[in-house]
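See below for the structure under consideration.
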Amino acid sequence: MAMNIFNNNRIVFWILIFLIVVNITTLTTFFIYTRKTASDPELVSGPGKGYALRQELSLKPDQTLKVNMINETYKASSEPIVKAIREKKAVLLEELSKDETDTTLVVKLADDIVIEQKKLQVANIKQFLDLKRVCTPEQTQKLSQIYSELYGCENKGMGRGKGNGQGKGNRHRYGQQKGQ
């Protein structure tokens, strides 16, 4: 009889551990996706629509018209996706705040959010490629830098030197002596 209670408790213990891992994974995924801004890469700050992007890329008037059309198309296609992501996140938070959280529902909601995030990423890629067609090679480099900053990425290996960007971060030889 004592052995049977021990086995039952062990099963409950492992079920609880599994549920804790699922909850932590879901919360981590949620916080990672909410930290990354899933907003419009169109940089609007200043007078007029797309002013910062126009300034940053030094767009000509005909390019500005094309860029504005691309951004309008992007906005129209991405707004429903962003809305769906927000709604699913609200349902997810509501479910997580319940006393009895349905982990199956939480996992499904997390999967649904990932699917919507993928749709948004595809829309972002399409917008970038459309903008790239309008830009000169120099403007495309600036556009890539803008997107890199929006995504919170460091442009490793994108310096002006001849190297491949795989250095150890030692600016002078003195830094190399640390490991010796």
Side-chain angles (χ1 to χ4, degrees), residues 1-45 52-53 70-71 73-132 143-159 163-171 175-176 178-180:
M1 176 136 169
M3 189 64 140
N4 192 18
I5 292 173
F6 180 73
N7 284 337
N8 287 342
N9 287 339
R10 188 175 359 162
I11 291 170
V12 170
F13 172 77
W14 285 113
I15 289 173
L16 284 174
I17 294 295
F18 172 75
L19 292 175
I20 290 170
V21 169
V22 168
N23 280 327
I24 290 172
T25 304
T26 304
L27 284 172
T28 303
T29 303
F30 171 75
F31 287 118
I32 287 171
Y33 281 116
T34 56
R35 267 192 33 216
K36 293 182 182 177
T37 308
S39 65
D40 194 322
E42 173 186 357
L43 299 174
V44 180
S45 64
L53 189 60
I70 291 167
N71 287 338
T73 302
Y74 170 79
K75 187 175 180 182
S77 67
S78 66
E79 277 183 351
I81 299 169
V82 171
K83 182 179 178 189
I85 291 170
R86 284 189 184 126
E87 289 171 356
K88 289 178 189 308
K89 284 181 178 180
V91 173
L92 176 65
L93 284 173
E94 187 178 311
E95 186 61 34
L96 288 172
S97 66
K98 291 180 179 177
D99 290 338
E100 295 290 325
T101 301
D102 181 355
T103 55
T104 306
L105 178 60
V106 167
V107 170
K108 183 189 179 329
L109 287 168
D111 289 341
D112 291 347
I113 291 169
V114 169
I115 290 167
E116 294 299 322
Q117 289 282 56
K118 181 179 179 184
K119 289 178 189 176
L120 186 61
Q121 187 64 49
V122 169
N124 288 340
I125 291 168
K126 181 181 180 339
Q127 180 195 32
F128 179 86
L129 293 175
D130 290 345
L131 291 172
K132 186 176 163 183
L143 182 66
S144 293
Q145 183 63 36
I146 291 168
Y147 268 71
S148 177
E149 290 170 9
L150 284 171
Y151 285 145
C153 300
E154 296 177 29
N155 252 349
K156 289 187 177 182
M158 300 301 283
N164 63 1
Q166 302 301 313
K168 294 181 180 139
N170 300 319
R171 184 170 180 187
Q176 296 172 354
K178 288 183 220 172
Q180 295 175 350

Which pair of heavy atoms, one from [X] and one from [Y], lies closest together, and at what distance?
X	Y	value
T101	E95	OG1-O, 3.3 Å
K132	L143	N-CD2, 4.1 Å
I113	K89	CD1-CG, 3.7 Å

Evaluate L96 against V106 for side-chain contact (heavy atoms from CB on, under 4.5 Å), listing each step before the verdict. CA-CA 7 Å; L96 288 172; V106 167; 3.9 Å; yes
State whether a side-chain donor-acceptor pair under 3.5 Å links Q117 with Q121.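 Side-chain D/A pair, Q117 to Q121: absent.
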Please report the interatomic distance [atom1]([X]) to [atom2]([Y]), rounded to the nearest 0.5 Å.
X	Y	atom1	atom2	answer
I17	I15	CD1	CD1	11.5 Å
L109	T104	CG	OG1	11.0 Å
T25	I20	OG1	CD1	11.5 Å
L105	K98	CG	NZ	7.0 Å
L92	I85	CG	CD1	12.5 Å
L129	K126	CG	NZ	8.5 Å

Does any part of the side chain of K119, heavy atoms only, come nearer than 4.5 Å to the side chain of E116, both counted from C-beta? yes
Going through the checks in order, is the side-chain contact (heavy atoms from CB on, under 4.5 Å) test met by Y74 and L131? CA-CA 11 Å; Y74 170 79; L131 291 172; over 6 Å; no
